[in-house]
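Quick note: residue numbers are just sequence positions, from 1. Just so you know, ligand 1 is whichever comes first in the structure, and atom 1 is the first atom listed for that ligand.
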Amino acid sequence: MMFRLLPGMQLGVSSAPAQIEGGNVDHNWNDWYRLGKIKDGSSPGRANRHLELWREDIDLMHSMGIKCYRLGIEWARLEPEEGAWDKEAVRYYRRLLKYMKKCGIEPLLTLHHFTNPMWFERRGGFADEKNIPAFLRFVSFAVRAFGDLVSEYITINEPNVYATLGYYDGGFPPGEDSVMLASKVMSVMAACHIRSYNMIHRLRRKMGYRDTKVGYAHAARVFSPADRKNPLHGAFARISKWMFQGAVVKACLTGQFLPPLRNILDIPPGQYADFLGLNYYTRSTVSRIGDGMAPNAVKNDLGWEIYPPGIVECARELYAVLKRPIYVTENGTCDNKDVFRSKYIYEHLKVLCEDVLPVERYYHWCFCDNFEWLEGESARFGIVHVNYETQKRTVKKSGRFYSEIIVQGGVTEALYQEYVAGEAYHL
Ligand code: BGC
């Protein structure tokens with residue numbers, strides 16, 4: 001055996017509604033598309049047409065032996081106008097969740113994954129604390145609508161990526177470029193996470209359930225100084241890390257809001273997660289504030305460094321903030337030709353399985369190639385290939401490898417030879 005999965009560890013796949021469903025829902029990413037911001041001009045209105053093909057997608061997942069699936073619900077579909085709930089959308093998600101369970105696939109449900117209804121976006125979204133009640137009303141609606149089918153929830157996906165790319169870097173909607181605003185958005189989202197954490201527990205308890213688990217999906221990367229001997233580089237690495245992920249994780253998990261974040265709702269310190277959701281992709285090597293790349297780093301097709309030990313480093317740091325079981329809620333890579341994804345999966349899983357951290361789940365990002373935000377359809381992260389014209393799904397080599405790992409409970413020498421040995425990353 002090259003490595004065995006940890007006892008009780010389960011492997012699943014991950015997705016987000018706006019990246020797979022399709023349809024002209026009135027949310028900020030359909031709006032961003034209409035403004036011409038998607039690099040390859042593709043539209044989230046097409047994506048995987050999962051709204052129609054969900055049954056086939058779940059059947060495929062089932063045939064691959066996958067038993068846990070992280071999926072999301074689209075707020076703008078459920079509440080297209082403020083206070084007006086769409087019954088058809090509720091029926092759609094209920095049918096999907098019931099079918100998954102019938103196939104033995106357990107949901108981990110994300111409530112917010114980058115998309116806002118336009119009525120919420122237009123009045124300032126998460127940049128304005130006056131909008132917090134609107135988000136909480138949606139969370140309460142969702143738990144009442146789906147709480148009998150779902151026991152595990154992710155409140156918000158990557159508050160730091162949402163805030164940084166939308167309010168500092170400006171690439172994501174609404175395209176702002178202010179550090180102050182980005183910090184404000186993280187403060188508001190951390191408050192939303194904690195209030196949702198408490199609310200979901202309260203509502204599910206009232207419904208008679210005792211098995212509720214709530215967390216959020218934290219995006220973490222490794223920040224390394226370009227020159228370890230240069231104290232300035234070290235300082236920039238520490239500052240970048242704190243601004244991007246350090247402050248927000250402390251706020252969300254423990255209710256301690258340290259600068260640049262503010263405790264807008266006067267939330268008491270506490271323990272606000274039942275599992276640690278970790279989204280891990282890459283490392284930054286910094287010589288100034290912001291992002292950089294190590295010379296000779298191996299990279300994926302989007303130019304992100306591939307650095308497998310980082311998944312353990314980030315998980316360890318999360319665990320130091322709060323001792324909870326770890327769910328890797330995303331890990332994967334853009335490999336358009338599927339020529340190194342099996343190696344990537346192998347190396348990330350191996351380091352996790354050789355460590356002592358309590359990793360209970362690993363959700364690969366992602367199942368089908370899907371609408372990759374600014375990159376549109378041109379960046380493929382899936383273990384299942386999608387022909388966007390015909391919507392035909394084809395399991396990739398990495399998908400077959402992933403299925404085998406699930407069935408065999410780890411990677412045998414034979415599996416390694418068949419899937420991994422011949423693969424190489426590029427510089
Ligand atoms: C997001 C996903 C995205 C993935 C790859 C994560 O930041 O949660 O929605 O597709 O990264 O870019």
Ring-face cation contact, [Y] with [X], 6.0 Å cut, 45° max:
| X | Y | result |
| --- | --- | --- |
| K250 | F257 | no |
| R361 | Y327 | yes |
| R324 | Y319 | no |

Exercise for review: Measure up the F135 and F126 rings against each other and bin them: parallel (under 30°), tilted (30 to 60°), perpendicular (over 60°).
Suggested key: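 If you compare the ring of F135 with that of F126, the planes turn out perpendicular.
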Atoms of ligand 1 less than 4.0 Å from [X] heavy atoms?
| X | answer |
| --- | --- |
| W373 | 2 (C), 3 (C), 9 (O), 10 (O) |
| F381 | 5 (C), 12 (O) |
| N157 | 8 (O) |
| H113 | 1 (C), 2 (C), 8 (O), 9 (O) |

Tell me the protein heavy atom at minimum distance from [atom], and give that distance in Å.
| atom | result |
| --- | --- |
| atom 4 (C) of ligand 1 | Y281 OH, 3.3 Å |
| atom 6 (C) of ligand 1 | E330 OE1, 3.0 Å |
| atom 7 (O) of ligand 1 | E158 OE1, 2.6 Å |
| atom 5 (C) of ligand 1 | E372 OE2, 3.3 Å |

Review point. Hey, is ligand 1 close enough to Q19 that some N/O pair sits below 3.5 Å?
Key: yes
Practice item. Specify side chain, backbone, both or neither for N370, according to which of its non-hydrogen atoms lie closer than 4.0 Å to ligand 1. Key: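 The answer is neither; N370 stays 4.0 Å or more away.
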**Study point:** Ring-ring centroid check F120 W75, cutoff 6.0 Å
**Key:** yes
Review point. Any Lys/Arg nitrogen of E82 or R123 sitting under 4.0 Å from an Asp/Glu carboxylate oxygen of the other?
Key: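 Yes.
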Review point. In this structure, which one of H364, H218, R70 forms a side-chain hydrogen bond (donor to acceptor under 3.5 Å, both in side chains) with E330?
Key: R70
Check your understanding: What's the shortest heavy-atom distance between K184 and D128, and which atoms?
Key -> NZ-CA, 4.4 Å
Check your understanding: Is the closest heavy atom of W304 to ligand 1 under 4.0 Å?
Key -> yes
